[in-house]
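Only one structure is covered here, and it is reproduced in the block below.
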Amino acid sequence: MWAFQSPKTTLLPSHATFLPRPSLKSPICSITLNPTASTADNNKLIQSLCKQGNLTQALELLSHEPNPAQHTYELLILSCTRQNSLLDAQRVHRHLLENGFDQDPFLATKLINMYSFFDSIDNARKVFDKTRSRTIYVYNALFRALSLAGHGEEVLNMYRRMNSIGSPSDRFTYTYVLKACVASECFVSLLNKGKEIHAHILRHGYDGYVHIMTTLVDMYAKFGCVSNASCVFNQMPVKNVVSWSAMIACYAKNGKAFEALELFRELMLETQDLCPNSVTMVSVLQACAALAALEQGRLIHGYILRKGLDSILPVISALVTMYARCGKLELGQRVFDQMDKRDVVSWNSLISSYGVHGFGKKAIGIFEEMIYNGVEPSPISFVSVLGACSHAGLVDEGKMLFKSMHVAHGICPSVEHYACMVDLLGRANRLEEAAKIIENMRIEPGPKVWGSLLGSCRIHCNVELAERASIRLFDLEPTNAGNYVLLADIYAEAGMWDGVKRVKKLLEARGLQKVPGRSWIEVKRKIYSFVSVDEVNPRMEQLHALLVKLSMELKEEGYVPQTKVVLYDLKAAEKERIVLGHSEKLAVAFGLINSSKGGVIRITKSLRLCEDCHSFTKFISKFANKEILVRDVNRFHHFRDGVCSCGDYW
DNA sequence: TTAGGGTTAG
């Protein structure tokens, strides 16, 4: 047996004593061997080298030791992942096979976890396949690895086989299998699988485990099934801060920002023993950003400072986004400037913030500054910067960036990137070029890409291309009412009333309804919401009266109502009455009544701002001498003195 | 031996 004596003997533990024998020099790492050391000594030495992080010497010693212990391999595997060295990991694996440990289920579990860490899923699978004694740990490790790698269906198939051979699941299995349901593209079929597993959990009495139930809340959240998620959450016998955070995140991510803030309020008021943490705060900030609830966001920022959560990177990135999305770009920039360290997500937050405010060149500048600072762009960096180009009409710059993605940064364009390019070209009325991009795509264009094209067709009223995109969209997303409405809008603008009727019939036949646009405004920390067809809102009469008065006055100043988007073949006066009731005009009127002199009116809209509201708000900003900030579904419009920051390009 | 929620875009 041979042991190595490290030159840094002071680092070694007391058991690593060396006999006074003539020593040999290792050619590789200049450490001295002790030929009399026992296997036990060698194992101890390798283990201590691993614990010290000295993987090179541990491996060198391993190559001379034919009888390493199970625990030695365990520490070596851990050390390889800590040092992020796949090559060393494979060396350990080979050694382990040569020494007859290939059927050890404990080490198989460790190896599967190790290969999962290195994203080497084929190797993880091979280890599982070769292990005959498949304990629940081995199964769980593979389920975890496959779920993380996005192979959800494979996990579910194996889970079925596992059940059929009578191999029992444990509480860990359920969490991994639930995760598998959302680790796949085939959402519809796997939602049903998730529901089946939910039933298994109830049947086998696992519904008291907080981890499993929280994973279940998260699974329903990721499928967009908010009511199922809240049902599970409400029935949980024990909830902790993670369960609350999962439910708040569910609301924040699924367009229920009001509910997210309300649940956070409940957490603060009704649970004395639970303290929100950084993860909770990120979702709460997202909800504030979605509602443009600046005052609430400021309060949350104060809470974050008091709790010392202001140095956590995801929290700061969410703060940057919150301020920018509440119209306070300069505050977002200030938070970013004060960061001690930044990661790619922080940079992406700032890039997209400038993007939604229409500062395309500035967004490109930040993107370049990020690279100059040694931060490699991520796929989302490109989505952000291409989006910024699109809002600002920077077509050539966007095309260059798109090209550089693969050439300079080795990132293959995904569906999201193609959707950005289609949007960029489409908005700039280069629709044929946009269609050409889709034709030449190397991957299957999904609904996002066709949706971008249809959106651009709506802006430039291109009936022929819109029909082409719609055929694909109605097939890919048969229940998305928004696509039908866009096509109907295009027909209406083109005066093709038969087409409008046809699409409306299709919408009805599929049991779908047009989702009305909604606008919000925050006044004295309270959020007021408006929809155009709101008969129960007690303020409606007063707001309508004000809008009629304003409309008459503005017409004298040159305002001409744009009624071409009304989906009915009606007389001009009737169409005018309909567009005057749009939700953002109601919010503007409410803001005029309730804002202080010199105060900015901030409005958020759930859809794209319509042309009439855009023109109306420009006039109001001039003749009421008001600064109005409207965030629509895509970007900001900053109205001041009769002009909009988008330059009428949106 | 293994587990749950979050960051940026669309």
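Every chain is numbered from 1, with letters handed out A, B, ... down the list of sequences. All heavy atoms count here, side chains included; hydrogens, waters and symmetry mates do not.
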Mind checking whether A:Phe258 and A:Tyr251 have ring centres under 6.0 Å apart?
no
Across the strands shown, which category fits [X] at heavy-atom distances under 4.0 angstrom: base, sugar-phosphate, nothing?
X	result
A:Ser384	sugar-phosphate
A:Asn277	base
A:Val320	nothing
A:Glu74	nothing
A:Asn113	nothing
A:Ile312	base
A:Lys239	nothing
A:Thr280	base
A:Asp423	nothing
A:Ala419	nothing
A:Val210	base
A:Asn140	base

Cation-pi, A:Tyr649 ring and A:Arg427 (6.0 angstrom, 45 degrees)
no
Under 6.0 Å from the six-membered ring centre of A:Phe233 and within 45° of its axis: does the NZ or CZ of A:Lys239 meet both?
yes
Return the stacking result for B:dT1 and A:Phe106: yes when the ring centres lie under 5.5 Å apart and the planes under 30°, no otherwise.
no
For A:Thr173 and A:Asp170, test the side chains for any donor-to-acceptor distance below 3.5 angstrom and give the result as yes or no.
yes
Per the atom types in the model, does the base of B:dG5 pair as donor or acceptor with the side chain of A:Ser245 at under 3.5 Å?
yes
Rounded interatomic separation in angstrom, taking CZ from A:Arg631 and P from B:dG10:
11 Å
Are any of the side-chain heavy atoms of A:Tyr174 and A:His204 separated by less than 4.5 Å?
yes
Taking atom CG as the centre, does A:Asn234 end up with more than 12 heavy-atom neighbours from other residues, nucleotides or ligands that are less than 6.0 angstrom away?
yes
If only atom types and distance count, is the side chain of A:Ser167 paired as donor or acceptor with the main-chain N or O of A:Asn163 below 3.5 Å?
no
List in numerical order all residues of residues 339-363 of chain A for which some heavy atom is under 4.0 Å away from an atom belonging to DNA chain B.
A:Val345, A:Asn348, A:Ser349, A:Ser352
